J.: 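Supplied in structure tokens, the structure appears directly below.
Only a predicted model underlies this, so the values are computations on that prediction, with no experimental measurement involved.
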Amino acid sequence: MRIGIIGAGIGGLATALSLEAAGFRDITVHERTDEIRGLGVGLNLLPHAIRELTELGLRERVEALGVAPETLVYMNRFGQHIWSEPRGLGAGYRWPQLSVHRGRLQLALRDAVVERLGDVIRLGHRLVGVQSEADGSETVRFAADDGEVEARYDLVIGADGIHSALRALRYPHEGAPPWSGLTLWRGVVDAPVLVDGRTMIMAGDGEQKFVAYPLGAPVDGRQRLNFIAERRGVGPFECLRDQRRGAGTFESLRDRADWNRSVDPAPIAALFSDWVFDGLDVPAIIANADEILEYPMVDRDALPQWTFGRTTLVGDAAHAMYPNGSNGGSQAILDARTLAFHLGTAVAADGGPLGADGGLAAIDTALAGYEQARRPAMTALLAGTRATGPERVMLLAAERAPQGFARIDDVIPRAEREEIANAYKRAAGFDPSILNERASLTVGAPA
């Protein structure tokens, strides 16, 4: 079975590794850039993603890249505590949560793909067309430095991100991602140890927010931190222009909505000039960042269909969502594992071998099973992130006590705060009791 993957980001590489683990070897990954440079800043891999990486034999490799947070704290813009909860193993999971640098994770996954599959990554290949053939295969066309290149696959998987070329071919009138009105600034900084060195902090409300978490162990009272600063109605001129017109999108997002637009830290630090709390000096963290990357907070509307013929979508190509809940990278890994599970299981049930010509009749069954398992859940999760997900506790605190509070229980009862946190875990698939007991996505594992 010939499988082509479009995109060598987290989702595409995880898909290649998942398919290899399920017994597939004829896999090629096409990447539009000329080099995989490991760009970006931090991300969180939640326990459901770490379970999948563990079953792929990658846990130790990924654990070496970052830190396992033990506590998550929500605060208002005055530094008053709203809610805190244990994370990872301390919350009863069988797997940790890990905070890692996205670029380092991408390079580690790339290395694992090369080790397990060989020289299968084709750089400088930009998808320009897909055509379904009479035998059910797909002919894929790429623009490359030396002209157009064609390849034929029995299955094509679009893992090419929020600006997915495969998605655009299937939904040519979708247009640019809708803008939320918020702008994010992300960065990495060497700073004083945050609390105990294993705590994530989220402070603010729906208009302005700051997030920080460690990416490395403390050394001499300092550690590497990842941070996200967020503000409504401040950002690229195009955003402000379209906001005045009442529009929610702007065409330049096709080129600008990435993590690679560097900006001056000083104006961003000034927006948070009075956000100095016990143990957390927000303006100093921002001002001392290695680099600030600006990103208009966008997502994609839910799709009615991911699969066309023998092509489908995974990760942000299928369901790009706001970073509320720190769940994008984790869901891409879950997509990869779920797709590989359904494909491997369907081929085994069909009795076909996994060779070049075997198991093709099972592809349609597998794609239907994958989409049924993932698309409704991701549609619901996308709606949840638009409602701010678990960060809703910060919005409620600001709405009910805009000048702060003496006792949070008088503003948001504990039971209400707890249910907001638990509801998001259920929607995202990492409620501890459900995750710990659900069946493995490893093909052939005992039920």
Side-chain angles (χ1 to χ4, degrees), residues 10 36-47 49-50 53-54 58-75 79 81 84-91 93 95-112 184-204 209-230 259-260 262-266 268-269 272 275-293 323 326 329-330:
I10 304 302
I36 298 176
R37 293 183 291 162
L39 300 173
V41 282
L43 61 78
N44 275 283
L45 295 172
L46 300 179
I50 298 301
L53 294 174
T54 299
L58 296 169
R59 176 169 165 177
E60 290 185 3
R61 188 180 305 210
V62 176
E63 279 186 319
L65 301 178
V67 172
E70 296 177 352
T71 307
L72 170 60
V73 176
Y74 293 95
M75 303 186 296
H81 285 225
S84 64
E85 61 182 51
R87 304 296 279 186
L89 300 176
Y93 294 100
W95 303 271
Q97 175 175 326
L98 292 175
S99 299
V100 301
H101 188 282
R102 181 200 174 279
R104 295 183 67 196
L105 174 64
Q106 182 185 18
L107 294 176
L109 295 179
R110 178 205 61 186
D111 292 347
L184 308 180
W185 297 276
R186 304 191 66 164
V188 176
V189 63
D190 179 52
V193 172
L194 187 65
V195 191
D196 56 1
R198 291 186 177 270
T199 293
M200 300 176 60
I201 288 178
M202 298 190 181
K209 184 176 71 178
F210 183 80
V211 178
Y213 54 85
L215 291 178
V219 177
D220 296 329
R222 303 184 71 81
Q223 68 183 148
R224 297 291 282 174
L225 299 180
N226 182 82
F227 69 85
I228 307 170
E230 179 181 308
W259 294 117
N260 304 318
S262 182
V263 298
D264 180 7
I268 316 307
F272 291 82
W275 289 47
V276 180
F277 316 134
D278 289 341
L280 180 64
D281 188 334
V282 173
I285 288 175
I286 297 172
N288 291 305
D290 300 343
E291 184 180 38
I292 299 284
L293 301 176
S326 305
S330 295

J.: How many angstroms lie between atom NE2 of His81 and atom CD1 of Ile201, to the nearest 0.5 angstrom?
T.: 6.5 Å
J.: To check you understand the geometry: which heavy-atom pair defines the closest contact between Arg198 and Val67, and what is its length?
T.: NH1-CG1, 3.6 Å
J.: Do Ile228 and Lys209 make a side-chain contact, defined as non-hydrogen atoms from C-beta onward lying under 4.5 Å apart?
T.: no
J.: Could you work out, with side-chain contact (heavy atoms from CB on, under 4.5 Å) as the rule, every residue matching Arg222, not counting sequence neighbours?
T.: Asp190, Pro192
J.: Quick one: are His101 and Arg224 in side-chain contact, heavy atoms under 4.5 Å?
T.: no
J.: Can you classify the ring geometry of Phe272 versus Trp275 as parallel (below 30°), tilted (30 to 60°) or perpendicular (above 60°)?
T.: perpendicular
J.: What's the shortest heavy-atom distance between Gly216 and Gln223, and which atoms?
T.: O-NE2, 2.9 Å
J.: Nearest 0.5 Å please: distance from the CG atom of Asp196 over to the OG1 atom of Thr71.
T.: 6.0 Å
J.: With sequence neighbours left out, write down each residue that passes side-chain hydrogen bond (donor to acceptor under 3.5 Å, both in side chains) with Tyr74, or none if nothing qualifies.
T.: none
J.: Does the side chain of Tyr213 reach to within under 4.5 Å of the side chain of Asn44, using non-hydrogen atoms?
T.: yes
J.: Would Ser326 and Met202 count as a side chain to side chain contact (heavy atoms under 4.5 Å, CB included) if you check the C-alpha gap in whole Å, the side-chain angles of each, and the deciding distance to 0.1 Å?
T.: CA-CA 11 Å; Ser326 305; Met202 298 190 181; 4.2 Å; yes
J.: Side chains of Leu280 and Met75, heavy atoms from C-beta outward: is any pair under 4.5 Å?
T.: yes
J.: How far apart are the closest heavy atoms of Gly90 and Pro86, and which atoms are they?
T.: O-CB, 3.6 Å
J.: Using a 4.5 Å cut-off on heavy atoms from C-beta on, say whether the side chain of Ile50 contacts that of Tyr93.
T.: no
J.: With side chains defined as the heavy atoms from C-beta onward, is the minimum distance between Val211 and Pro323 less than 4.5 Å?
T.: no
J.: Do Phe210 and Ile285 come within less than 4.5 Å of each other through their side chains, counting heavy atoms only?
T.: yes
J.: With a 4.5 Å heavy-atom cut-off, do Pro69 and Thr199 have their side chains touching?
T.: no
J.: Let me see the working for Phe227 and Ile292 under side chain to side chain contact (heavy atoms under 4.5 Å, CB included), right down to the final yes or no.
T.: CA-CA 10 Å; Phe227 69 85; Ile292 299 284; 3.3 Å; yes
J.: Can you name the nearest heavy-atom pair linking Val41 to Leu293, along with the distance?
T.: CG1-CD1, 4.3 Å
J.: For residues Ile268 and Ala229, report the shortest heavy-atom separation together with the two atoms involved.
T.: CG2-CB, 4.3 Å
J.: Return the CD to CG distance between Glu63 and Leu58, rounded to the nearest 0.5 Å.
T.: 11.5 Å
J.: Would you say Arg186's side chain and Gly42's backbone share a donor-acceptor pair under 3.5 angstrom?
T.: yes
J.: Does atom CG of Asp264 have more than 12 heavy-atom neighbours from other groups under 6.0 Å away?
T.: yes
J.: With a cut-off of 3.5 Å and sequence neighbours excluded, list every side-chain donor-acceptor pair involving residues 104-112.
T.:
{"residue": "Arg104", "atom": "NH1", "partner": "Leu65", "partner atom": "O", "Å": "3.1"}
{"residue": "Gln106", "atom": "OE1", "partner": "Arg102", "partner atom": "NH1", "Å": "3.2"}
{"residue": "Gln106", "atom": "NE2", "partner": "Ala8", "partner atom": "O", "Å": "2.9"}

J.: How far apart are the closest heavy atoms of Leu46 and Ser330, and which atoms are they?
T.: N-OG, 3.0 Å
